[in-house]
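First comes the structure, then the notes that go with it.
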2 protein chains.
Amino acid sequence: MESRELHGRVARLHYQHGMTHQEIGELLGLSRVKVTRLLADARRSGIVEIRIHSSASPFDELEAALVGRFGLQQVWIAPSFADERRTADSVGMTGAQCLRALVPTSGTVAVGLSSSVAAIVPHVHAEPAPDLGFVPLAGSWGGISRGMNPHELALRLGTAFGARTYHLPAPILASTPEAAAAFRADPGVRETMQLAAGADLLIAGVGGMDPRSGILIDVLGRSEQRQLVANGAVGDISARFFDAAGHSVGGEVDERVVGLSLDELTAIPHRVAVSFGPHKVHALETALRTGLMNMVVTDVDTAKALTKAASDNRKSG
Amino acid sequence: MESRELHGRVARLHYQHGMTHQEIGELLGLSRVKVTRLLADARRSGIVEIRIHSSASPFDELEAALVGRFGLQQVWIAPSFADERRTADSVGMTGAQCLRALVPTSGTVAVGLSSSVAAIVPHVHAEPAPDLGFVPLAGSWGGISRGMNPHELALRLGTAFGARTYHLPAPILASTPEAAAAFRADPGVRETMQLAAGADLLIAGVGGMDPRSGILIDVLGRSEQRQLVANGAVGDISARFFDAAGHSVGGEVDERVVGLSLDELTAIPHRVAVSFGPHKVHALETALRTGLMNMVVTDVDTAKALTKAASDNRKSG
DNA sequence: CGGTTACCAGAACGGATGTTCAACTCATGG
DNA sequence: CCATGAGTTGAACATCCGTTCTGGTAACCG
């Protein structure tokens with residue numbers, strides 16, 4: 001992190017006085033490329049903040065349509081791109097806006113497993129909120145972390161918000177039901193889970209049953225997957241698999257999970273799903289239709305697929 | 001003014017989601033050029049606001065140098081450009097920042113004659129301040145208005161700030177001292193001038209004696225100019241000419257002016273000079289050195305010339 | 001002391017953006 | 001019904017900006 005002052009100067013000269021990168025470079029004795037980089041840094045780090053004074057979202061109609069169809073509290077939609085990473089970034093940006101709107105200045109936010117929530121972190125530029133806490137609502141897995149472990153998400157989000165963070169020291173999926181019970185009995189684990197259960201806001205991904213669609217699904221063995229599907233599972237929220245009616249599928253896998261149950265999750269008043277992509281549509285549609293989640297952050301393509309899926313359901317059901 | 005909503009959408013897609021003008025055009029069914037224009041409008045009109053979270057000004061040292069040399073309260077400096085209109089725009093932008101910092105939410109701002117103050121108007125995007133008033137501190141001239149008549153400046157600035165505006169219905173320079181006295185005796189004129197005299201903040205230009213440097217100076221006849229110079233005039237603030245010591249030069253011209261006197265001007269606690277250009281340096285330097293003005297908004301070139309002039313004075317005087 | 005790694009810098013390229021200009025639309029008034 | 005002019009439009013151009021790639025520098029290590 002270089003001198004904040006230089007970034008501010010360059011940003012002022014460019015954004016306020018309309019000087020070109022070239023001109024600023026000549027004025028301050030820097031190369032044009034250096035100026036370009038300083039400006040990019042300044043935007044990334046939040047030194048430059050761009051506000052748009054207009055309540056209109058670019059995808060208003062689609063948002064309103066989803067709110068109506070599924071009876072949701074609120075919906076945020078980002079544009080879709082051919083490049084999936086770019087879409088992820090836009091969804092992350094939109095998720096950050098959603099959090100800015102929903103996160104209270106005190107209280108607790110429960111954070112679930114999600115590849116998309118990770119994309120939010122770089123877009124958060126908030127005032128420190130020391131009376132706020134971010135709590136993982138389930139355990140994590142070992143080995144290499146792909147940036148989407150619940151504990152890591154809670155930690156990074158919490159840090160970005162200048163809030164307290166909590167840890168749930170257990171695996172998300174224990175090897176046996178008995179081992180899971182033992183973990184849940186641990187005082188540290190129990191305490192964190194109680195805190196998560198009492199949260200005001202839940203933010204989590206919704207996974208599908210397709211191996212490409214979830215993080216968790218490919219942690220499970222082939223036979224376990226087949227078993228879940230056989231029991232009617234259509235998706236999961238942080239390892240809690242649910243069927244087409246939004247009920248827990250139960251079974252052995254469910255008993256091995258260390259984390260909030262579906263009932264505990266739905267007891268949290270505000271529940272935001274952050275999820276996008278064609279493989280997620282079915283699971284996401286179910287989670288929204290059955291009320292497991294009551295808000296969603298997604299991209300245009302997924303949103304369109306959701307409305308389509310919803311109307312198909314209506315006709316056939 | 002087209003639908004604010006469309007501007008907001010386009011701005012969000014570009015500034016928040018990083019979409020190119022081309023992509024936005026395709027998404028919304030607009031041409032690329034149209035998108036470019038919408039974005040430019042959005043910035044001009046303040047729908048897009050860019051904040052820089054850094055207190056550092058690009059020309060800190062120079063500002064500090066002027067504050068020190070002349071014992072000023074504060075100084076704002078804009079970059080200089082080869083294209084004078086661009087410089088004027090930058091100074092205007094900087095003046096708007098200055099006003100944002102200084103203008104109270106209630107009270108009165110006295111507005112003097114200035115070509116530069118006009119450049120401020122397009123850069124003001126403030127919350128309406130209905131308890132604030134903008135008052136011209138002198139009369140105006142007839143015929144074509146080049147956008148820098150005191151009454152016009154007060155009106156346009158006041159409008160931009162959503163504030164009350166006042167009018168001083170008289171010429172800035174009456175044809176005879178007696179006519180001027182008659183104007184001053186008018187109840188409407190007297191009332192407005194009293195209001196201006198009680199202002200908290202004064203914002204005005206500082207004119208020089210060179211015909212190219214002032215608006216007013218070329219309204220006067222050749223002989224009147226010569227007379228003023230002979231009496232030691234080095235510059236003026238809204239038609240009040242002063243000498244190298246900062247005192248009024250008096251004389252017939254001074255008696256024909258309808259507007260606050262130099263003594264009345266300097267009774268206003270906060271006095272900002274907005275002025276730039278090589279022809280203004282001498283007058284501006286005098287106004288600052290003698291304390292007629294105690295703040296200044298100018299450009300880099302003028303600022304450098306001011307520090308140089310000040311050190312020359314110190315050596316010789 | 002050479003090798004390695006990590007980082008930083010600027011040349012060069014290709015895409016993005018801003019501006020100019022000629023064509024067009026649509027009122028208004030003869 | 002055409003003439004006029006103000007206001008829009010997008011094609012074409014000129015500039016600006018972002019990224020990639022290569023070379024350089026410094027720190028760390030064997």
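Letters A, B, ... are given to chains in the order of the sequence lines, protein chains preceding strands, and every chain is numbered from 1. The figures here come from the full heavy-atom set of this structure, side chains too, leaving out hydrogens, waters and symmetry mates. Only a predicted model underlies this, so the values are computations on that prediction, with no experimental measurement involved.
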- Query: Residues from residues 12-21 of chain A sitting under 4.0 Å of DNA chain C, heavy atoms only?
  - Reply: none
- Nearest-Å distance for atom pair CZ/P, residues A:Arg85 and D:dT19: 12 Å
- Message: Do B:Asp60 and A:Glu5 make a side-chain contact, defined as non-hydrogen atoms from C-beta onward lying under 4.5 Å apart?
- Response: yes
- Task: Take atom CZ of A:Arg86 and atom P of D:dT19, then tell me their distance rounded to the nearest Å.
- Result: 11 Å
- Query: Within a radius of less than 6.0 Å around CD of B:Glu84, do more than 12 heavy atoms belonging to other residues, nucleotides or ligands occur?
  - Reply: no
- Message: Regarding A:Asp301 and A:Lys304, does a basic nitrogen lie under 4.0 Å from an acidic carboxylate oxygen?
- Response: no
- Item | Verdict with reasoning, B:Met93 to B:Trp76, per side-chain contact (heavy atoms from CB on, under 4.5 Å) | CA-CA 10 Å; B:Met93 155 80 223; B:Trp76 290 263; over 6 Å; no
- Do the ring planes of A:Phe161 and A:Phe134 sit parallel (below 30°), tilted (30 to 60°) or perpendicular (above 60°)? parallel
- Message: Could you tell me how far apart B:Gln22 (CD) and C:dG15 (P) are, to the nearest whole angstrom?
- Response: 12 Å
- Query: Looking at side-chain heavy atoms only, is the closest gap between A:Lys280 and A:Thr302 below 4.5 Å?
  - Reply: no
- Task: Round to a whole Å and report the spacing from CG of B:Asp83 to P of C:dT19.
- Result: 12 Å
- Task: Measure the spacing between CG of A:Leu6 and CG of A:Leu30 and express it to the nearest 0.5 Å.
- Result: 6.0 Å
- Task: Produce a footprint string for nucleotides 22-27 of chain C: one letter per nucleotide, 5' end first; B if the base is under 4.0 Å from any protein heavy atom, S if only the sugar-phosphate is, - if neither.
- Result: ------
- Message: I want to check something: taking the side chain as every heavy atom from C-beta on, are B:Arg43 and B:Tyr15 in contact at a cut-off of under 4.5 Å?
- Response: yes
Table of protein N/O atoms under 3.5 Å from nucleotides 10-13 of chain C N/O atoms:
unit_1: C:dG10; atom_1: OP2; unit_2: A:Ser31; atom_2: OG; d: 3.0
unit_1: C:dG10; atom_1: N7; unit_2: A:Arg37; atom_2: NH1; d: 3.2
unit_1: C:dG10; atom_1: O6; unit_2: A:Arg37; atom_2: NH2; d: 2.7

- Heavy atoms of other groups near A:Glu127 CD, more than 12 under 6.0 Å: no
- Less than 4.5 Å apart, any side-chain heavy atom of A:Ile47 and any of B:Ile52? yes
